[in-house]
**Student:** 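Have a look at this one.
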Amino acid sequence: MARILITSAIPYINGIKHLGNLVGSQLPADLYARYMRARGHEVMFICATDEHGTPAELAAAKAGMPVAEYCAKMWAVQKELADGFGLSFDHFGRSSSEQNRILTQHFARRLGENGLIEVVTEKQIYSVADGRFLPDRYIEGTCPNCGYEKARGDQCENCTKQLEPTDLIEPRSAISGSTELEVRETRHLYLRQSRLRDRLETWIDSKTDWPVLTTSIARKWLHDGDGLQDRGITRDLDWGVPAQFEGAPWEGMEGKVFYVWFDAPIEYIAATWEWADAQGLSDNDWKRWWRSDKGAEDVRYVQFMGKDNVPFHTLSFPATIMGSGEPWKLVDYIKSFNYLNYDGGQFSTSQGRGVFMDQALSILPADYWRWWLLSHAPENSDSEFTWENFQVSVNKDLADVLGNFVSRVTKFCRSKFGEAVPAGGAWGEQEKALIRDLGQRIRTYEQHMDAMEIRKASGALRAIWGAGNEYLQSAAPWAAFKTDPERAAAIIRLSLNLIRLYAVVSAPFIPDASAKMLEAMHSDDDSWPEDPGSALTTLPAGHGFTVPEMLFRKITDEERAEWQQRFAGRRD
RNA sequence: GGGCCCGUAGCUCAAUUGGUCAGAGCAGAGCGCUCAUAACGCUUUGGUUGGGGGUUCGAGUCCCUCCGGGCCUACCA
C-alpha cells in the first residue's frame, strides 16, 4: 500500500466556477483520488478556497458585505457544489484559516532568517477615491500606442502592447472611474527566488516524466531575460495574512498582507492541518503527510492544475519550500491541463458564457458531466465543449452501452428466473474468453489510470463496458433459455456479477451511478477486481437483486437545442 | 515584440525513442439479433497527416518557411 497526497489547485473565492475550471483541476484530481483509494492506497486529497486578494475585496464591496462574511458565504456555496459533483476531498479548507496564517508567517520568517527576503521600496499608483493602491490592471486609460480608450495598466487589449500604468493617457481607476490617482512610495517584501534559480533548475531538470506543458513553462521563467526574477510577496491590502507579526525579521510592514500567491499554495499544507484539527487528531497526523522528518518520506505528492497555475507551482512555491531549509514535501508530479473552450469560444466568467457548476447540476446529474468532462479532458491541447458532442457521448456511452447493459441483464433475469442470481449450469469457453479479455482490458485501464492518462483511461473503461454487450450477443441467453435453461442461468449469473464489477471499476468516473449499481445488486463489496475470474463469482446463486431505475437517461434533441441557447451568453 | 503549444477521417481524439498498407469512438452504409433505454453485435465507406521546401534507406514525428488557432509574458488569480 502506498501513501498518496493529492492536491487540486484551489479555486478563487470570487464567484461560481465554470466547467472549464472544474475539469482543469478538481475533477481529474478527484478521479485520481477515488481510483487510488479503490486500489487500496492511503490517500489524502486536499482542496480549499483561495480567499485573499483584491478581487475578493471588490466582490465583497459589490455584494455590500464585509469581506470575511462574503468569503464565508462563498466558501459554503463552493463546498455545496463540490459535494454536488462528488468531489471527494478529505478536507475542503479555506486559505483564510488560522492554520494558514500561522504557516504562512512561519515560512516567511524562515525565508527571512535565511536571507531570502528583501525589503524593496517602490512606486505604485494610489487611488485617493478608492482609498487603495491599484494593481496595474485595475488602472484604465487611453493607450499611447493605438489610442484605445479602455487599455489596462499592464497591457492594451486592443493592440496587445505591454504598458506601464504611467504610460496611459488620462489614467483612471477601473474600480471607481476616479482620475484622482497619485504615484506613492510603498515598501514591500520580495522573495529572492533568483538565489534559488540553480536549485530550482536542477530540480525541474530531474522531472523527466512531467508533461511538456509543465516543464516548458517552468523553463521559460527560469531562462527568460535575466532569468528568474525576485518577486514581491506583500500587498497593500487589508484582507490577508498580516505581513508584520511577532517574531518577523523585518519592520515597517504594518498594514500590509502577504500576496495571495504566496499564501495560497501554503494552504495545501494548512488545509491538511485543518483536517487534522477537524478530526480531533494530533499534529503528527498531518505532518506525516508533509514532513519527511515526521514520516512523509514514502508519500508521493501529486498536484493537479490548469496551465495558468504552473509557474507558481513549479517555481515560487518550491522556492518557498526549499528556502525554508526545513524538510517539507516537494511535489513529485504535476499534472497540468490546457483549457476547455465552449462552443467555438472561451468560457467567460465575466460574460457568463458557458456552463457554470450550479447550472450544470440543475439540468443533469453530476455523473453525466463527470463522464463527458473527464473523457474529453484537455490534456494535450485546448479542447472544446459542444452540446452536440455532449449529447452524443452521454447517450451512447452512458445510456446505450452501460445503462442498457444493466437494464437488459436485470430485466431478462427477472422475467425468466426472478429477482435472484440463478443457479445451475457452468462456465464454458465463452466465459473463459470473456474473463481473459476482461483481464487485459482492466490491466490497460489500470495502466492509464496509474499514468493519469485520463482520456485513454476513459476509452479503456468504455471498452470494458463494451465487452459485456459483446459477450451477451455471442452467448445469447435468450436463445439458450429455450433449449437449455441451465446454460442461460450460467450466462446471466456471470452477467449480474459483471454489473457489480462495472460498478467497482467505474466508480472513479461515475460514483453515483456506481453506487446505484451496487445497491441494485444488493452488494457492498466494492473490492477491486484484481482477478476478474473470482470477482465474477462474488454474487452467489440465490443472491437477491433489484432491477434498478433507469441508470442514465438520454438527452433529447429539444433539450440540447434549448440548453445551447440558454447558455450562449449572459448569466442571469 | 519574445517564448511555448497545437493543426491528423464529417466530429472528438490516438499513433513507443523517425520504422511494416496512419488507428479508435461517434456519425454514414450494409448485415445480424430481439433480452434491453428503437437498445446490442458483426462488417464496412471516409485521410496528398494545414500549404510548400529540406534532412534521411525511411517523416504525422526532425529542420526551414508560410497560413491558421491557442496560451504565457512575472501587479488578475
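Note that this is a predicted model, so its numbers are computed, not measured. In the text below, chain A, chain B and the rest are named by the order of the sequence lines, each starting its count at 1.
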**Student:** Looking across every strand, which nucleic acid part, if any, lies under 4.0 Å from A/E122 by heavy atom: base, sugar-phosphate, or nothing?
**Tutor:**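 Base contact.
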
**Student:** How many whole angstroms separate atom CD of A/Q124 from atom C1' of B/C76?
**Tutor:**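 Rounded to whole Å, this separation is 14 Å.
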
**Student:** Provide the distance between the two P atoms, one in B/G50 and one in B/G68, to the nearest whole Å.
**Tutor:**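 So the two P atoms sit 16 Å from each other.
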
**Student:** Does a distance-only test, which skips hydrogens and angles, find a donor-acceptor pair under 3.5 Å between the side chain of A/Q391 and the base of B/C26?
**Tutor:**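 Side chain to base: no pair below 3.5 Å.
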
**Student:** Check nucleotides 60-62 of chain B for protein N or O atoms closer than 3.5 Å to its own N or O atoms and list the pairs.
**Tutor:**
none

**Student:** Distance check, C1' atoms only: B/U56 and B/G19, in whole angstrom units.
**Tutor:**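 Their C1' atoms lie roughly 12 Å apart.
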
**Student:** The side chain of A/R462 lies closest to which of these nucleotides: B/A77, B/C75, B/G25?
**Tutor:**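 Nearest to the side-chain atoms of A/R462, counting from C-beta on, is B/G25.
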
**Student:** If you measure from the P atom in B/U43 to the same atom in B/U55, how many Å do you get, rounded?
**Tutor:**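 Going atom to atom, P in each nucleotide, I get 43 Å.
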
**Student:** Can you check whether A/F262 and A/F312 have ring centres sitting under 6.0 Å from each other?
**Tutor:**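 Aromatic pair excluded; centres sit 6.0 Å or further apart.
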
**Student:** Does NZ or CZ of A/K307 fall inside the cone over A/F337's six-membered ring, less than 6.0 Å from its centre and within 45° of the axis?
**Tutor:**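 Judged by the rule, A/K307 and A/F337 form no cation-pi pair.
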
**Student:** OH of A/Y339 versus P of B/A77: gap in Å, rounded?
**Tutor:**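 Checked: the OH to P distance equals 14 Å.
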
**Student:** Take the protein atom CG of A/L222 and the nucleotide atom P of B/A74, then report the distance between them rounded to whole Å.
**Tutor:**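 Computing the A/L222:CG to B/A74:P distance gives 16 Å.
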
**Student:** How far, in whole Å, is B/A38 from B/U45 if one measures between their C1' atoms?
**Tutor:**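 It comes out at 24 Å once rounded to the nearest Å.
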
**Student:** How about A/W563 and A/F390: are their ring centres within less than 6.0 Å of each other?
**Tutor:**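 Between A/W563 and A/F390, the centre distance exceeds or equals 6.0 Å.
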
**Student:** How would you label the glycosidic angle of B/G46: syn (within 90° of 0) or anti?
**Tutor:**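 Classified syn.
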
**Student:** Using whole Å, report how far CZ of A/R152 lies from C1' of B/U73.
**Tutor:**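 From A/R152 CZ to B/U73 C1': 13 Å.
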
**Student:** How would you summarise protein contacts on nucleotides 35-41 of chain B per nucleotide, using B for base, S for sugar-phosphate only and - for none, with heavy-atom distances below 4.0 Å?
**Tutor:** BBB-SBS

**Student:** Checking A/T214 side chain against A/W210 main chain: does a donor-acceptor pair fall under 3.5 Å?
**Tutor:**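 No, A/T214 side chain to A/W210 backbone: no donor-acceptor pair under 3.5 Å.
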
**Student:** May I ask you to check whether A/Y268 and A/H313 place their ring centres under 6.0 Å from each other?
**Tutor:**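 Ring centroids of A/H313 and A/Y268 are less than 6.0 Å from each other.
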
**Student:** Reading RNA chain B from 5' onward, which residue's closest nucleotide shows up sooner: A/E379 or A/S216?
**Tutor:**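 Closer to the 5' end of RNA chain B: A/S216.
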
**Student:** Distance check needed: B/C76 P versus A/I139 CD1, whole Å only.
**Tutor:**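 About 11 Å, once rounded to whole Å.
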
**Student:** Could you tell me how far B/U48 sits from B/G3 if I compare only their P atoms? Round to whole Å.
**Tutor:**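 To the nearest whole Å, 34 Å.
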
**Student:** Do any N or O atoms of the protein come closer than 3.5 Å to N or O atoms of nucleotides 8-13 of chain B, and which pairs are they?
**Tutor:**
| residue | atom | partner | partner atom | Å |
| --- | --- | --- | --- | --- |
| B/U12 | O4' | A/N389 | ND2 | 3.1 |
| B/C13 | O5' | A/R455 | NH1 | 3.3 |

**Student:** Taking B/U65 as the reference, what is the distance to B/A22 when you measure between their C1' atoms (whole Å, please)?
**Tutor:**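 It works out to 25 Å between them.
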
**Student:** Quick check for you: among B/A77, B/G70, B/C75, whose closest atom lies nearest to any side-chain atom of A/K307?
**Tutor:**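 Nearest nucleotide to the side chain: B/G70.
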
**Student:** Sort out for me which residue in A/I266, A/N100, A/I13 forms a side chain to side chain contact (heavy atoms under 4.5 Å, CB included) with A/S95.
**Tutor:**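 Exactly one candidate clears the test, A/N100.
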
**Student:** Hey, is the side chain of A/Y259 poking within less than 4.0 Å of OP1 or OP2 on B/C76, counting only N and O atoms?
**Tutor:**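 Answer is no, no contact under 4.0 Å.
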
**Student:** Of the nucleotides B/U73, B/C26, B/A77, which one has an atom closest to the side chain of A/V392?
**Tutor:**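 Closest of the options to the side chain of A/V392: B/C26.
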
**Student:** For the P atoms, the ones on B/G2 and on B/U61, what distance do you get once it is rounded to whole angstrom?
**Tutor:**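 It comes out at 25 Å once rounded to the nearest Å.
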
**Student:** Rounded off to whole Å, could you give me the CG-to-C1' distance for the A/D308 and B/A74 pair?
**Tutor:**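 So the two atoms are 14 Å apart, to the nearest Å.
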
**Student:** Check the distance between B/A14's P and A/H448's NE2 and give it to me in whole angstrom.
**Tutor:**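 These atoms are roughly 12 Å apart.
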
**Student:** A/F317 CZ to B/A77 C1': how many Å, rounded?
**Tutor:**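 It is 17 Å, rounded to the nearest whole Å.
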
